[in-house]
Amino acid sequence: MSEEIKNTTAVEEDSHYGENEIQVLEGLEAVRKRPGMYIGTTSIRGLHHLVYEIVDNSIDEALAGYCDKITVTINYDNSITVEDNGRGIPAGIHPKEGIPTPEVVYTILHAGGKFGGGGYKIAGGLHGVGASVVNALSLWVELDDCYEGKRYTERFERGAVARKFVCEGDSPERPHGVKVTFKPDPEIFEETVFDYDILLNRMREQSFLNAGIRIVLIDDRGNEPVVNELCYEGGIKSFVSYLTETRNNDPVHNDVIYMRAEKDSSIAEIALQYNDGYYENVMTFANNMNTIEGGTHETGFKAGLTRVINDYARKTGILKESEKNLSGEDVREGLCAIISVKLENAQFESQTKAKLGNSEIRTLVENAVNIKLTEYFEEHPATAKAILEKALAASRAREAARKAREATRRKGVLGSGSLPGKLRDCNERNAELTELYLVEGDSAGGSATQGRNSKFQAILPLRGKVLNVEKTRADKVYGNQSLIPIIQALGCGIGDELDMAKLRYGKIIIMADADVDGSHIRILLLTFFFRHMRQLIEEGHVYLAQPPLYKVYKKGSKQGNERYAFSDAERDRIIAELAGESGSTANIEADRYKGLGEMDADQLWETTMDPATRTILKVTVEDAIACDEMFSLLMGDKVEPRRIFIEQNARLAENLDI
């Protein structure tokens with residue numbers, strides 16, 4: 001993501017603020033004016049959210065028992081088609097609005113069959129804005145609606161009706177179902193090219209959560225279509241097995257433990273399995289929506305799990321009376337779990353449905369775990385013992401980490417106000433305005449220190465080899481001489497002691513050489529942040545600097561006329577521009593930078609550190625599952641899966657400088 005440059009202008013003396021300045025946005029105009037309120041962002045994440053909104057409507061049909069196949073197609077022009085074999089949208093004139101009902105659904109906010117009245121008992125789309133928001137943010141939408149044996153069509157452009165709703169006649173081959181094709185509006189979105197893997201992960205997730213439903217994902221943009229047909233009869237049990245396998249972890253017990261409970265119209269499903277890894281992976285869903293911020297179902301699950309394991313440990317004598325209870329972190333180390341609840345009147349905190357708020361669901365999930373997991377442990381004592389041994393080992397490691405942390409503090413390393421000796425701090429104390437550059441090597445650190453703006457830019461040269469935290473527990477982190485200075489400089493702690501209010505810098509920018517070693521340092525640091533300071537990434541504080549690969553100049557020209565290229569293609573373009581009409585490149589040089597240390601302070605400032613000219617990439621967790629899989633694959637202790645990955649992707653590697 002390119003650095004955003006903000007300019008400020010003085011307020012005009014004669015500016016007038018009166019009643020004429022109060023605007024009323026009507027209909028879908030509000031969505032186009034403030035799209036972030038409805039889909040979260042207009043980045044690549046928001047682009048894919050459009051697909052989720054339409055697919056979620058089809059999933060709701062499946063939850064109601066009327067749909068068992070959904071097809072999602074990325075068309076050649078990067079438009080999307082979603083087709084299901086549900087009931088279709090009722091085609092009559094809406095009694096209140098006086099227009100065809102499908103037109104109501106696609107042009108009026110908060111319109112749908114999920115507000116009561118028997119249309120849907122359980123649904124993820126509860127705000128009634130999904131289809132209309134997609135319509136508002138699309139260049140065009142083609143609706144093909146089959147309802148009770150008749151086919152109806154309508155076209156919209158930027159939210160407005162472009163071709164009126166008409167009945168095309170009988171539809172014996174497709175008597176019911178909805179087919180929607182839309183093309184996102186480039187005026188709204190920063191990027192309009194869909195990522196097949198992002199959609200595949202989402203569709204696979206939905207297939208796991210709805211056992212037996214078939215979802216077909218097709219990419220028609222290449223010479224040959226790419227097709228994935230997804231259907232999992234095992235439901236969330238298969239989901240847990242898949243997650244354990246893709247992370248290349250070995251399960252501690254063979255069976256996936258499955259629990260289910262119902263109360264009134266609410267259903268809770270829980271599947272879990274422990275593996276030999278050090279990190280927990282708990283994913284929660286409500287009406288098939290991935291509640292990435294958790295909620296009452298996650299709270300209930302964690303409370304129940306901790307209680308059951310401690311009670312069983314006490315009952316069997318594995319945990320002595322004199323010993324403390326195992327903590328929640330202890331009993332969840334190496335845990336892979338899926339919690340899926342389905343309920344009427346789900347209370348989400350936003351349109352993006354990130355957190356569930358229904359209080360009764362906590363009780364349902366917690367009681368399910370208390371009863372079902374206790375029964376399972378009684379019937380499977382060997383599995384229970386293996387899980388307890390895993391939790392006890394985690395407890396001992398946590399205690400070792402606490403002692404290591406205290407020992408480090410006693411030495412003054414992590415004390416309040418303690419800063420690393422090599423840190424070249426900035427003058428500004430407002431964290432929102434400051435930047436910390438983590439720089440590879442003392443040489444580059446020296447150039448960065450000389451070239452920086454000391455008012456708001458701090459420099460920390462990295463020393464020694466950065467620890468691969470994927471293979472180690474937290475106690476080893478406190479003894480690593482490359483990570484301790486980073487923890488000191490940031491000031492916010494790590495792990496369960498992380499306090500974002502104490503973060504000293506608004507941007508943490510990793511600046512490493514554009515070679516294999518630099519890439520290795522970047523991935524090691526990102527693994528550390530992802531595993532021990534993940535909130536830094538989630539809240540958008542971590543960036544990657546983009547130093548140039550080449551300096552391009554004409555021989556004999558005055559110093560200062562150099563141009564910088566960040567890729568081979570850009571280098572070739574600059575060379576062509578300098579060659580001019582003659583096309584001669586005899587007097588043009590393109591020097592490849594071997595490392596940041598080769599740049600002087602002025603060059604480093606101009607190309608990589610000046611907010612007015614630099615490009616920095618924000619590190620985001622767009623897909624937590626994919627990130628977790630990739631870190632486990634690349635940085636874990638299983639060699640064979642990593643070898644296979646390298647063999648399959650080696651052809652994609654560019655600019656290797658070995």
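Since the model is a prediction, treat every value here as computed from it, not as a measurement. Start at 1 with the first residue, then count along the sequence.
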Ring pair (Phe, Tyr, Trp, His ring centres under 6.0 Å) partner of H48, the single match among F194, F189, Y196: F194

What closest approach, in Å, do [X] and [Y] show between heavy atoms, and which atom pair accounts for it?
{"X": "F529", "Y": "L438", "answer": "CZ-CD1, 4.0 Å"}
{"X": "G421", "Y": "R424", "answer": "O-NH1, 3.2 Å"}
{"X": "L544", "Y": "V619", "answer": "CG-CG2, 3.9 Å"}

Has [X] got a side-chain atom pairing as donor or acceptor with [Y]'s backbone, closer than 3.5 angstrom?
{"X": "N75", "Y": "D77", "answer": "no"}
{"X": "K551", "Y": "E562", "answer": "no"}
{"X": "N201", "Y": "D197", "answer": "yes"}
{"X": "T246", "Y": "L243", "answer": "yes"}
{"X": "T613", "Y": "E606", "answer": "yes"}
{"X": "S138", "Y": "N135", "answer": "no"}
{"X": "H541", "Y": "K507", "answer": "no"}
{"X": "R522", "Y": "D513", "answer": "yes"}

Determine, stepwise, if the pair E570 / R573 fulfils salt bridge (charged side-chain N to carboxylate O under 4.0 Å, His left out). CA-CA 5 Å; E570 189 175 8; R573 180 178 57 77; 3.7 Å; yes

When rounded to the nearest 0.5 angstrom, what distance separates [atom1] in [X] from [atom2] in [Y]?
{"X": "R531", "Y": "Y279", "atom1": "CZ", "atom2": "OH", "value": "6.0 Å"}
{"X": "E229", "Y": "T71", "atom1": "CD", "atom2": "OG1", "value": "8.5 Å"}
{"X": "Y553", "Y": "E589", "atom1": "OH", "atom2": "CD", "value": "4.5 Å"}

For a 4.5 angstrom cut-off between non-hydrogen side-chain atoms, does [X] reach [Y]?
{"X": "L419", "Y": "R504", "result": "yes"}
{"X": "M599", "Y": "S447", "result": "no"}
{"X": "Q206", "Y": "V72", "result": "no"}
{"X": "D185", "Y": "R32", "result": "yes"}
{"X": "V466", "Y": "L483", "result": "yes"}
{"X": "V542", "Y": "M533", "result": "no"}
{"X": "L50", "Y": "I80", "result": "no"}
{"X": "F528", "Y": "S482", "result": "no"}

Check whether NZ of the Lys or CZ of the Arg R202 lies under 6.0 Å from the centre of the six-membered ring of Y52 and within 45 degrees of that ring's axis. yes

Report yes or no: is the cationic atom of R592 (NZ for Lys, CZ for Arg) closer than 6.0 Å to the six-membered ring centre of Y550, at no more than 45° off its axis? yes

Is any side-chain N of the basic residue among E435 and R452 closer than 4.0 Å to the acidic one's carboxylate O? no

Does K455 pair with E428 as a salt bridge, N-O distance under 4.0 Å? no

Let me know which of I486, L490, I510, I459 forms a side chain to side chain contact (heavy atoms under 4.5 Å, CB included) with L436. L490

Determine whether the side chains of [X] and [Y] contain a donor N or O and an acceptor N or O closer than 3.5 Å.
{"X": "T527", "Y": "N468", "value": "no"}
{"X": "S584", "Y": "S582", "value": "no"}
{"X": "D425", "Y": "Y505", "value": "yes"}
{"X": "Y242", "Y": "R204", "value": "yes"}

How far apart are the C-alpha atoms of D220 and T73, what are their side-chain angles, what is the distance that settles it, and do they pass the side-chain hydrogen bond (donor to acceptor under 3.5 Å, both in side chains) test? CA-CA 7 Å; D220 266 342; T73 305; 5.5 Å; no

Other residues, nucleotides and ligands only: do more than 12 of their heavy atoms fall within 6.0 Å of CD on E245? no

Before giving the answer on side-chain contact (heavy atoms from CB on, under 4.5 Å), spell out for I509 and R614 the whole-Å C-alpha distance, their side-chain angles and the decisive distance to 0.1 Å. CA-CA 12 Å; I509 304 172; R614 73 186 179 190; 4.1 Å; yes

Could you walk me through whether R534 and E538 pass salt bridge (charged side-chain N to carboxylate O under 4.0 Å, His left out), step by step? CA-CA 6 Å; R534 183 164 171 171; E538 291 176 339; 3.2 Å; yes

